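To start, the structure itself, in structure tokens.
What you are looking at is a predicted structure, and each value in this text was computed from that prediction instead of being measured. Just so it is clear, the values below take in all heavy atoms, side chains as well, and ignore hydrogens, waters and symmetry mates.
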Amino acid sequence: MPENKSERLAALADQCVQCGLCLPACPTYALDGNEAESPRGRIAIAAALARGAAPVSDELRKPLDHCLGCLSCERVCPAQVRFGDLLVETRALLGPAPRRPRVLLALTKRPAWLRTIRRLAGWAWLPHWQARLSRWLPRHSAWRAAMAMMAVPRQAESAPTHFASSPTLARVALFVGCVASVEDTAAQQAAIVLLEAAGHPVTRLPASCCGALDAHGGLADAAVRAMQRVRDAWQASGASMLVTVTPGCIGQLRTALPGVPVTDPYALLAAQAGRFQFDPLPLHVALHLPCTQVNVARSDEALRSLLRRVPALEIVPLPPGCCGAAGSHMLEFPERAASLRAPVLEAMNALAPQALLSSNIGCRLHLAAGLAEQDRAVPTLHPLVLLAQQLAHGSPS
């Protein structure tokens, strides 16, 4: 690794004071009870690699590959260690994992291919066949995890297409992403409806990957190319801020566009909440808050405030903690991802909700696949879809 990169990585690691306050917040430390699987242990490994004090080995890289990148440790760190930057830098040093499911991950970054696959998977007989076949594959197989998620039936998510406009506020660009551009089209349409009803004109950017999958997979050059495509699309948008319905993209988009306000729609909508009126919805729903929404977007309270405005809607939050989806983690380490998902599903069983809300497409697919394994039919949808569906005719006032 070039000297300047080594020095930068060592400097990031030196921010850590080894206090251990991050350990209770780390899902993998809770799962394994192993110091190497904690933020403190990973920082020590990164420092040793940066200084050439240890050679790259499977034993050293495994804890770094296992990291979910949830950034719960960064949220509680008193020394303000930039663990997300450290993780990306260290994975760039290590390069992609030898057992990384390259074909599957290449598919996820190509919306046109994903649309074709999803169209085929939507045939009446295929989801049942996929679900049965996936259970014959080894539990550690990335293809088993992928087929289980593709077998989850798409919800009949619909959103109104137009509401009365409000006085014009700042124009926003909507980043539609790669997987989300195929699997979360209803949420993106809902975001447009709500933002425009609040007075924000919206420009939709072309479908593309933000580079997060590559950056977190150790493919630094590919991540740089993806970020350049984001910058090109942004410059042509004429917008003053960028929004996405997928909080997992926000960190990478902020890296690609320093100085540009990048967020999900909730804070913008909550700022105009007085303009909205929602129809009553007597429904008992579980609210899952993705790690990136809590730790990166930090929009969880804005979302709660919007949902509380829907009359008769009973919202029960699921306990905090990573569900195990974590970008490509559910494909690379499906057994570990299933173990991390298990407490979330147990909480779902105890709450017995009529629907599950989650803002992140990866989390939603991962949780829906787990519910399907238990033969539980719980509709899963993006919170923006619910809000747009309940937006009262003529709103905003």
Side-chain angles (χ1 to χ4, degrees), residues 1-2 4-6 8-9 12 42 46 49-50 56 58 61-62 64-71 82-117 142-143 145-146 173 175-184 205-236 242 244 246-258 260 262 292 296 325-333 337 360-362 365:
M1 184 167 60
N4 62 334
K5 291 186 178 180
S6 299
R8 184 168 65 246
L9 181 51
L12 287 169
R42 292 181 175 114
L49 293 171
V56 176
D58 287 343
R61 78 166 298 147
K62 187 179 292 185
L64 292 160
D65 289 341
H66 284 170
C67 181
L68 304 163
C70 68
L71 301 187
R82 287 153 43 208
F83 186 82
D85 292 345
L86 181 141
L87 179 64
V88 169
E89 295 270 359
T90 308
R91 285 177 170 171
L93 165 63
L94 295 172
R99 293 179 294 277
R100 196 166 186 258
R102 289 173 174 80
V103 174
L104 273 176
L105 293 176
L107 287 172
T108 64
K109 295 182 290 182
R110 289 167 172 79
W113 294 5
L114 277 178
R115 276 190 288 273
T116 300
I117 293 169
W143 288 99
F175 178 79
V176 301
C178 47
V179 174
S181 71
V182 178
E183 298 290 340
D184 247 356
L205 299 188
S208 69
C209 183
C210 65
L213 286 174
D214 289 325
H216 286 274
L219 297 165
D221 291 342
V224 168
R225 291 192 294 271
M227 288 191 292
Q228 185 58 54
R229 289 191 290 272
V230 170
R231 285 190 286 270
D232 292 343
W234 163 255
Q235 289 167 3
L242 185 68
T244 176
T246 305
C249 296
I250 288 176
Q252 192 68 18
L253 291 172
R254 288 175 178 170
T255 300
L257 298 168
V260 174
V262 178
T292 44
V296 181
S328 62
H329 186 85
M330 57 187 171
L331 297 178
E332 296 184 65
F333 303 101
N360 204 59
I361 183 60
L365 288 172

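Listed for the Thr246 side chain is no donor-acceptor partner under 3.5 Å among the backbone atoms of Gly248. Under the 3.5 Å distance criterion, the side-chain polar atoms of Arg91 are left unmatched by any main-chain donor or acceptor of Ala215. The main-chain N or O of Gly211 is never found under 3.5 Å from a side-chain atom of Arg229 such that the two would form a donor-acceptor pair. Between the side chain of Arg8 and the backbone N or O of Glu89 there is no donor-acceptor pair closer than 3.5 Å.
In this structure, OG1 in Thr90 is found 8.0 Å from CG in Leu12, a value given to the nearest 0.5 Å. One distance of note links OG of Ser208 with CE of Met227; it measures 12.5 Å at 0.5 Å rounding. Once rounded to the nearest 0.5 Å, the distance linking CG of Leu257 with CD of Gln252 reads 10.5 Å.
Residues meeting the side chain to side chain contact (heavy atoms under 4.5 Å, CB included) test with Arg42, sequence neighbours left out: Cys26, Thr28, Glu37, Pro63, Leu64, His66, Cys67, Phe83. Scored by the ring pair (Phe, Tyr, Trp, His ring centres under 6.0 Å) test, His329 finds Phe333 as partners (sequence neighbours excluded). Residues passing the side chain to side chain contact (heavy atoms under 4.5 Å, CB included) test with Val176, sequence neighbours excluded: Leu174, Ser181, Gln188, Arg204, Ala207.
In plain terms, the two heavy atoms of Arg61 and Pro96 that are nearest each other are NH2-C, 3.6 Å. The two residues Leu87 and Gly69 make their nearest non-hydrogen contact at CD2-CA, 4.0 Å. Leu205 and Ala233 make their closest contact through CD2-O, 3.7 Å (heavy atoms, listed as atom of the first residue, atom of the second, distance). When all heavy atoms of Gly327 and Leu213 are compared, the closest pair comes out as C-CD2, 4.3 Å. The shortest heavy-atom contact between Phe175 and Cys209 is CZ-C, 4.1 Å. The two atoms that bring Cys210 and Val230 nearest to each other are CA-CG2, 4.1 Å, heavy atoms only.
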Check your understanding: Given Val296 and Arg254, is the side-chain contact (heavy atoms from CB on, under 4.5 Å) satisfied, shown in steps?
Key -> CA-CA 10 Å; Val296 181; Arg254 288 175 178 170; 3.9 Å; yes

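Using modelled atom types and a 3.5 Å distance limit, the side chains of Gln228 and Arg231 yield a donor-acceptor pair.
In this structure, Thr292 and Ile250 have side chains that are not in contact, with every pair of non-hydrogen atoms separated by 4.5 Å or more. Annotation: side chain of Leu94 is in contact with side chain of Leu49 (closest heavy-atom distance under 4.5 Å).
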